[in-house]
Amino acid sequence: MPELPEVETVRRGLEPHLVGARLARVEARRPDLRFALPENFVARLTGARVEALDRRAKYLLASLDTGETLVVHLGMTGRFIVETAVTERPGAFHHRAGADDKHTHVVLETDRGARLSFNDARRFGYMALIPTAELAANPWFAGLGPEPLGPQFDAGVLAAAFKGRSQNVKATLLDQRVVAGLGNIYVCEALYRSHLSPERAAGSLKPAELKRLVEAIRIVLEEAIEAGGSTLRDYRNADGDLGYFQHSFRVYGREGEACVDPKCRGVVRRFPQGGRSTFYCDRCQR
DNA sequence: GCTGTAACCTGTCGGC
DNA sequence: TGCCGACAGGTTACAG
């Protein structure tokens, strides 16, 4: 499910409930997600105050006053469901669908009356507790490429990362060491908007094409965040609402349809690339 | 070192 | 209606 825009939407939804709040009750309903939960997970979190909630690539980072950071990756189907306390009934929460089903694996209750349920059907998501001072050196973060919406991401950076690579540009953009946070959907959309074929060797892109690509990546991500992300099957934001960017897809999921550009007579095709579906227009992407 | 593939786990959808 | 196979937003280990 979640690529950068969806994770950022979740972060924005959780921020008002978490930042400044203390975790009054923590419940782990199983010992593992994709990986085993950290040792003494519940004890290390209970009573901790959340000082900040940030995002790096597709990771959510909750800095705690204990000197540790709770790292959360949503995997493919991970989501947080926020329920608020019923004022007149202490300990009760306004129920929200999915908050308490068999796929709810971790529950966090804050001293501000919010209950956050981490629900992940496929359990590709994971959580870790890492000393905040060691975060940058952690293998999950040390090798990450620049944030695509940050000031460090430009055509020059992409040129350096692409240099000499014979791998196709689609797979290269999915490599989090090249640029952090892109996934299958937004890579397809960005390549379409920059009129680049997903099959081009990354190292073959010319400076003007790289510039177009950087611009397209930025615009697609910004528009998606503005729309609250994309909801295909499972994704919902922290308030349980759907994202709307899927209505703006120009190629993703549109196999067999005419190219959205009225001047182009192409058709959207789909083919497997690196085990994932790539969608592209067979005429205007070269 | 680079590249492609399989695997992780579960749910959904389409075809028969 | 029920069964089966294909496919799904991510990441990583491994083989070539």
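By convention in this document, chain letters (A, B, ...) are assigned in the order of the sequence lines, proteins followed by strands, and residues within each chain are numbered from 1. Below, each value reflects all heavy atoms present in this structure, side chains not excepted, and no hydrogens, waters or symmetry copies. Since the structure is predicted, the reported quantities are computational estimates derived from the model, not experimental observations.
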Discussion item. Can you confirm whether A:Arg29 is buried at CZ, in the sense that more than 12 heavy atoms of other residues, nucleotides or ligands lie under 6.0 Å from that atom?
Written reply: yes

I'd like a table of atom pairs between the protein and nucleotides 11-14 of chain C - only N or O on both sides, under 3.5 Å - with the distance next to each one.
{"from": "C:dT11", "atom 1": "OP1", "to": "A:His73", "atom 2": "NE2", "distance (Å)": "2.8"}
{"from": "C:dT11", "atom 1": "OP2", "to": "A:Lys58", "atom 2": "NZ", "distance (Å)": "2.9"}
{"from": "C:dT11", "atom 1": "O2", "to": "A:Arg34", "atom 2": "NH2", "distance (Å)": "3.1"}

Q. Could A:Glu8 and A:Arg12 be called an ion pair, given the rule that one side-chain N must be under 4.0 Å from one carboxylate O?
A. yes

Check: So does A:Ser277 get a side-chain nitrogen or oxygen closer than 4.0 Å to the phosphate oxygens (OP1/OP2) of C:dA8?
Finding: yes

Taking C:dC7, C:dG9, C:dG10 as options, the one with an atom nearest any side-chain atom of A:Arg270 is C:dC7

By the Watson-Crick or G-U definition, both distances under 3.5 Å, C:dG9 is matched with none

To the nearest angstrom, the CZ-P distance between A:Arg122 and C:dC7 comes to 14 Å

Test salt bridge (charged side-chain N to carboxylate O under 4.0 Å, His left out), reference A:Glu147, set A:Arg218, A:Arg55, A:Lys58, output is A:Arg55

Rounded to whole Å, CG of A:Asp120 lies from P of B:dC8 at a distance of 17 Å

Check: Just by distance, do the side chain of A:Arg11 and the backbone of A:Asp54 share a donor-acceptor pair under 3.5 Å?
Finding: no

Here the distance between atom P of B:dT10 and atom CG of A:Leu74, to the nearest Å, is 18 Å

Inset, instruction - Can you establish whether the number of heavy atoms outside A:Arg112 located under 6.0 Å from its atom CZ is more than 12? - result: yes

Taken to the nearest whole Å, CD/A:Glu255 to C1'/C:dA8 is 14 Å

Query raised in the report: Do the side-chain N and O atoms of A:Ser230 and A:Tyr186 include a donor-acceptor pair separated by under 3.5 angstrom?
Result: yes

Does B:dC2 have OP1 or OP2 sitting under 4.0 Å from an N or O in the side chain of A:Lys163? no

note: A:Arg30, atom CZ; B:dC8, atom P; distance rounded to Å ~ 15 Å

In whole angstroms, the gap separating P of C:dC7 from CZ of A:Phe279 amounts to 11 Å

**Asked** Would you call A:Arg22-A:Asp65 a salt bridge at under 4.0 Å N-O?
**Response** yes

Partner of B:dT3 under the Watson-Crick or G-U wobble criteria, both distances under 3.5 Å, comes out as C:dA15

Rounded to whole Å, the CG-C1' distance (A:Asn184 to C:dC7) equals 12 Å

- Query: Can we call the ring centroids of A:Phe141 and A:Tyr59 under 6.0 Å apart?
  - Reply: yes

Answer with yes or no after comparing the ring centroid distance for A:Phe271 and A:Tyr280 against a 6.0 Å cut-off, counting only values under it. yes

Pairwise N/O distances under 3.5 Å, protein to nucleotides 3-5 of chain B:
{"from": "B:dT3", "atom 1": "OP1", "to": "A:Ser166", "atom 2": "N", "distance (Å)": "3.2"}
{"from": "B:dT3", "atom 1": "OP1", "to": "A:Ser166", "atom 2": "OG", "distance (Å)": "3.2"}
{"from": "B:dT3", "atom 1": "OP1", "to": "A:Gln167", "atom 2": "N", "distance (Å)": "2.7"}

_Under a 3.5 Å distance rule, please check whether A:Asn40 uses its side chain to pair with a backbone N or O of A:Ala43 as donor and acceptor._
no

Expressed in whole Å, how much space separates the P atoms belonging to C:dT12 and B:dG11? 24 Å

Nearest-angstrom distance, P atom, C:dT11 to B:dG1: 22 Å

**Prompt:** Does A:His103 place a side-chain N or O at less than 4.0 Å from the phosphate oxygens OP1/OP2 of B:dC9?
**Reply:** no

Practice task
Would you kindly check whether a donor in the side chain of A:Arg123 faces an acceptor in the base of B:dC9, or vice versa, at under 3.5 angstrom?
Solution key: no

